[in-house]
Novice: 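Got a structure here, written out as C-alpha cells. Questions coming.
Proteins come first, then strands; the chains are lettered A, B, ... in the order of their sequence lines, and each starts at number 1. Atoms considered below: every heavy atom in the structure, side chains included; atoms not considered: hydrogens, waters and symmetry mates.
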Protein chains: 4
Amino acid sequence: MATPVYDGAARSPQRGRPRDASRDDALRQAALEVMADVGYRALTMDAVAARARAGKATIYRRWESKLDLVIDTCTQLAQRNLTEPDTGSLGGDLREFLSTFAGFLSGPIGKAAQALVGELPHEPELATAFRDTFLIAQRDVLRGILDRAAERGELKPDAPRGTVVELAGAALIYRLMLTGEALDGAFVDRMVDQVLLPLVGKGQ
Amino acid sequence: MATPVYDGAARSPQRGRPRDASRDDALRQAALEVMADVGYRALTMDAVAARARAGKATIYRRWESKLDLVIDTCTQLAQRNLTEPDTGSLGGDLREFLSTFAGFLSGPIGKAAQALVGELPHEPELATAFRDTFLIAQRDVLRGILDRAAERGELKPDAPRGTVVELAGAALIYRLMLTGEALDGAFVDRMVDQVLLPLVGKGQ
Amino acid sequence: MATPVYDGAARSPQRGRPRDASRDDALRQAALEVMADVGYRALTMDAVAARARAGKATIYRRWESKLDLVIDTCTQLAQRNLTEPDTGSLGGDLREFLSTFAGFLSGPIGKAAQALVGELPHEPELATAFRDTFLIAQRDVLRGILDRAAERGELKPDAPRGTVVELAGAALIYRLMLTGEALDGAFVDRMVDQVLLPLVGKGQ
Amino acid sequence: MATPVYDGAARSPQRGRPRDASRDDALRQAALEVMADVGYRALTMDAVAARARAGKATIYRRWESKLDLVIDTCTQLAQRNLTEPDTGSLGGDLREFLSTFAGFLSGPIGKAAQALVGELPHEPELATAFRDTFLIAQRDVLRGILDRAAERGELKPDAPRGTVVELAGAALIYRLMLTGEALDGAFVDRMVDQVLLPLVGKGQ
DNA sequence: CGTTAAACGAGACGGTACGTCGAGTCTTTCG
DNA sequence: CGAAAGACTCGACGTACCGTCTCGTTTAACG
C-alpha cells in the first residue's frame, strides 16, 4: 500500500503483458490535478480515470483505494520538494528551510496532505506511511541542519535538538492546517529569532 | 450553522408542535457513538438516525449537513472540557492546562476533531467555526494563564506572549494529530521547562 | 417476481412513504421504449432509469433484475392485447385471432418476447411466468373459440382440440421467432383452411 | 463469421508458425462445456479461454465475438446430428426423424440454440447463419422424406408438402423452447398420426 | 376541548460514486 | 510468428449514501 503494488515475488518470471509504468505517472498526475480542482473530499476515482483516459480497473490494480492513491501521489511529490539547505549559518539554514517548506505546503499538495491528516486516526497503515515520509523526511533535514551547525560550533553544548526539531515542524503545521494564518517571512523570522535560536544557539 | 438552527425570528409566534429539545442531545450522542465506532469518514446520516431511532429529516431540521452535526457535537463537548486552571504559579498552570487538554484530546473527541481538520481547506465555514471554538477557546485559556502570571510579576517585561500561546497549542496538536506520540507527563514537563518558561519567565 | 413486489403482508400498517405507483408505469414505459430502440440485449438499467428520470434504486426496489422488469412489462402489455374474438363462425374466429395475435407479436413486444425465450432454459422462474401469461392466455382464448364452435355444432365429435390449440400457437411462434417469414393474411388463411379446420371441423 | 476465419488469401506463402487446428476443437469443446455449466448468458470468454488453457487472443483470432463462437459451436454439432432416416415408410421416417431431432435438441445444444433464438431479432447475420444451418438442414431432411414417400406413391397428389415441413418443425420447437413439455413418443405419435399423415398421406 | 400546524419515525425518491466484472484489444515473453 | 498471459479502455453492473420528499401519526399551543 501507498506505492503501486507490483507483487515482485508473486509474478516471476513475468508472465503476460507487464504493467505500463507510464500509466503510474499519468494517474498520479491526474489525481493531483483533480485534487487541485475540487479538493480531496470531492475527488472521485471516475474523475481521475477520465482525466488520465484510463479505466478504473487500471487504478485499482495499482492502488487499493482513493486514499492509497492520494498518499502515494503526495509523498512522491513531497520527497521531490525537500532539499537540504546549506547557507553556512544555522539561522540562515533554518530560515531557508522553513520558507521553502512553508511555500511547498501552501500549494495543492499541502491541502491534500491536510486531508490525509483527517484520515490518520482510522487508518493505521496510512498513518505509518504518512509519518515515514512527510514527517521523517522533514525531521531528517532539520537534524542535518543542526548537526552541521554543531560541527561549526554554533550550538550550546546541551542544546535540546529534539525539541527544536519538533517545534519547528509543529509551528509550521499548526499555522498551515489549523489557524490558517499566513506563513510569511515575518512568521519565519519570529520563529527563528525568538524560539529556535535562543533554544540551541550559543550567542545571545 | 454549527448549532441547531431554531430560526428564532421566522417561527414566531410558535405555531404547531415545537421541536423536541431532547432529540438534540440524543442525536449528538448518537453521532458521537457512531463516530467512535467507525470514524468520521464512515459515519452516515442513516446510521446516526438509526442509532437515535430518529428520522433523517429530524437531523436535517437541526443541522445542515453531516459536517455541521459533527462540528456541533464536538465543539459542545470541547467547551465543557476546557476549564481555566489556577494553581497559583505559571508553571503549575501551564502543566495543569496542557495535561488536561491532552487528556481530553486523546479520547474520541480528539479523533473527531482531527477528522474535521481534514475538511478545513475546502469548507471555509467549517474552518471559521472550528477556529472560533476549538482554537480561540484554548487560546483564551492560555492568555488568561499568562495574564495572571504577569499580575503576579512572574513574566519578563518583553515576554512574547503570543508566541508562547501559539507554541503551546502547536506542540500539542502536532503530537496528537501528526506524530501520534504519547502526550504524557514527560512531554508536558519538557515543553514547560525547556520551552515555555524560558521564553516568558523571569527565573534563571 | 415478474410483478412489482409490494410485500403486501410484510408492510401492514403502512410505515414510511408509500411507493409511488405512477413510477411503475413510467418505468415500464421507459423499458419498452429502450427495448424498442436497442433491443433486449443492449437494454441497460441505466438507460431505463435515465429515460424515466428515475434512480436505479427505484427500479431495483420493484424488480429484481433486468429480466424481471422486461417480463413484467411484456406480460402486462400482452394481457391488454389478447381479446377473445366472436365472429360467429369457427373459421372467422380463428382467422381473427391469428391475425390479431400475429400483428401484436410483430411489434416491439414480439421482439422483447423473443429475447425472453432465449433466457427460459436458465431461468426457471422466468419460464414459469412466461408460460403462465403468454402461453396460457393465448391457449385459453383458442380454447374458448373451440368451445363456442362446439356449442354451435361446428366440430367433429372426436376433434383433437388440444392438438389444434398447440399447432395454432406453434405455427405463429415458429414463423415469428425462427424463420422470420411474414405473418400475413395468406399465411393465416393457409393455416386455417389447410390445417386447423380440417382437423376439427365437420367439413362439408 | 460463424466459422473460424483463416484469411486464406491474406496469408499466402504461409509465413511463421501455422495455426494449430486442434485449438479450434478444444475451444469449441470448452465453449460447449461452459455453456452446459452456466448457460449462454453467463458464458464468458475468459471462462472459455481458461477451460481450454488458451489466451483470449487465440479465440478472437478465430471468431469475431462470443456470439460467433457459440453459433459455430452449435451449428457444427447440429450438422453432425442430422441424418436422413430411411425406414421404407412415410410414417416410419417421420417418427424416426422427429424422435432423433427431439432427442438431440433436448441436450445442451438445444439450450444453446434456444439462447441464440433470443438474439435473432437484433443480429441479422446471426439470424441468417442460424436459418441457413439449423432450419434449412432440418427442412431439407423433411423434404427428402416426403420426396421419397412420393416416389413410393404414399402421398396424395395435392399434398401440401411445405405446410407439413413447417408444421413438423414448428411443433417440435414450440414444445422444446416454449412450453417445455416432454418431447416423448406419445407426442411424436400424436403429431404423425393426427396431423402430418392426414395432411399428406393417401390412406384413410 | 377541538382545531391546527408543525414535528416526528419511516422509508421512497432522484442522484452520484462506488468497486467489480466482462468484452474486445494490445503488448509482452516464450517456444 | 503463434500462442499464453494478462494489462489495457470502456461501460454496465448492483449497492450505498446523500439530501429531499411524502406518508401516517403524535403533540403542543391557539382559539
Novice: Between the base of E/dA7 and the side chain of B/Arg17, is one N or O donor paired with an acceptor at under 3.5 angstrom?
Specialist: yes
Novice: Would you mind listing every salt bridge (charged side-chain N to carboxylate O under 4.0 Å, His left out) that reaches into residues 111-120 of chain B, with sequence neighbours excluded?
Specialist: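 For residues 111-120 of chain B, and leaving out neighbouring residues, the salt bridge (charged side-chain N to carboxylate O under 4.0 Å, His left out) pairs sorted by first residue read A/Arg41-B/Glu119.
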Novice: Report the distance from atom CG of B/Leu67 to atom P of F/dC17, rounded to the nearest whole Å.
Specialist: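 Going from CG in B/Leu67 over to P in F/dC17 covers 18 Å.
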Novice: Taking 4.0 Å as the cut-off, does a side-chain nitrogen or oxygen of A/Arg23 come that near to OP1 or OP2 on F/dT9?
Specialist: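 So the side-chain polar atoms of A/Arg23 do come within 4.0 Å of the phosphate oxygens OP1 or OP2 of F/dT9, strictly under.
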Novice: Please tell me if D/Arg62 has a side-chain N or O lying less than 4.0 Å from either OP1 or OP2 of F/dA3.
Specialist: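 Yes, within the criterion.
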Novice: Under the 3.5 angstrom rule, does the side chain of D/Arg62 hit a backbone N or O of D/Thr58 as a donor-acceptor pair?
Specialist: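 Present.
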Novice: Mind checking what makes salt bridge (Lys or Arg N to Asp or Glu O under 4.0 Å) contact with C/Arg51, not counting sequence neighbours?
Specialist: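 Salt bridge (Lys or Arg N to Asp or Glu O under 4.0 Å) list for C/Arg51, sorted by chain: C/Glu33, C/Asp37.
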Novice: Roughly how many Å is it from NZ in B/Lys66 to P in F/dT20, rounded to a whole number?
Specialist: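 Going from B/Lys66 (NZ) to F/dT20 (P), I get 15 Å.
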Novice: Quick check: on DNA chain F, is the nucleotide nearest A/Ala49 upstream (toward 5') of the one nearest B/Met45, or the reverse? Name the residue that is more 5'.
Specialist: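 The residue closer to the strand's 5' end, by nearest nucleotide, is A/Ala49.
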Novice: I'd like to check the side-chain contact (heavy atoms from CB on, under 4.5 Å) partners of D/Thr128; sequence neighbours left out, ordered by chain and number.
Specialist: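 D/Asp132.
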Novice: What is the nucleic acid contact for B/Leu43, judged by heavy atoms within less than 4.0 Å: base, sugar-phosphate only, or nothing?
Specialist: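 Sugar-phosphate contact only.
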Novice: Examine distances only and state if a side-chain atom of B/Asp68 and a backbone atom of B/Glu64 form a donor-acceptor pair shorter than 3.5 Å.
Specialist: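 Yes, the answer is positive, given that a donor and an acceptor are paired below the 3.5 Å cut-off.
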Novice: Mind checking salt bridge (Lys or Arg N to Asp or Glu O under 4.0 Å) for C/Lys66 and listing every partner two or more places apart, or none if nothing turns up?
Specialist: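 Scan of C/Lys66 (salt bridge (Lys or Arg N to Asp or Glu O under 4.0 Å), adjacent residues dropped) gives none.
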Novice: In whole angstrom, what separates C/Arg19's CZ from E/dA10's P?
Specialist: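 Atom-to-atom, C/Arg19 to E/dA10, this comes out as 17 Å.
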Novice: Rounded to whole Å, how long is the line connecting atom CD1 of C/Ile59 with atom C1' of E/dA12?
Specialist: 14 Å
Novice: For a quick test of reading the model: is some side-chain N or O of B/Arg61 closer than 4.0 Å to OP1 or OP2 of E/dC8?
Specialist: yes
Novice: Is there a donor-acceptor pair closer than 3.5 Å between any side-chain N or O of C/Arg19 and the backbone N or O of C/Asp24?
Specialist: no
Novice: Rounded to whole Å, how long is the line connecting atom CG of A/Asp24 with atom C1' of F/dC8?
Specialist: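 To the nearest whole Å, that distance equals 13 Å.
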Novice: For the side chain of C/Tyr60, starting at C-beta, report the closest nucleotide among F/dT15, E/dG22, F/dA28.
Specialist: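 Taking heavy atoms from C-beta onward, the closest nucleotide is F/dT15.
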Novice: Is any side-chain N or O of B/Arg15 closer than 4.0 Å to OP1 or OP2 of E/dA5?
Specialist: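 Yes, such a contact exists.
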Novice: For DNA chain F, what residues of residues 50-58 of chain B have any heavy atom nearer than 4.0 Å?
Specialist: B/Lys56, B/Ala57
Novice: Could you list the residues that satisfy side-chain contact (heavy atoms from CB on, under 4.5 Å) with C/Thr73, not counting sequence neighbours?
Specialist: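 With sequence neighbours excluded, C/Thr73 shows a side-chain contact (heavy atoms from CB on, under 4.5 Å) to C/Arg28, C/Ala31, C/Leu32, C/Leu69, C/Leu77, given in chain and number order.
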Novice: With the side chain of D/Thr44 defined as its heavy atoms from C-beta on, choose the nearest nucleotide among E/dC8, E/dG22, F/dA7.
Specialist: E/dG22
Novice: Mind calculating the distance between CD (A/Glu64) and P (E/dC18) to the nearest angstrom?
Specialist: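 Result: 16 Å.
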Novice: For the pair made of CH2 in D/Trp63 and C1' in E/dT25, what is the distance, rounded to whole Å?
Specialist: 18 Å
Novice: By nearest nucleotide on DNA chain E, pick out whichever of D/Asp46 and A/Gly16 is the more 5' one.
Specialist: D/Asp46
Novice: Just the rounded figure in Å: distance from P of E/dA23 to CG of D/Leu69.
Specialist: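 These atoms are roughly 11 Å apart.
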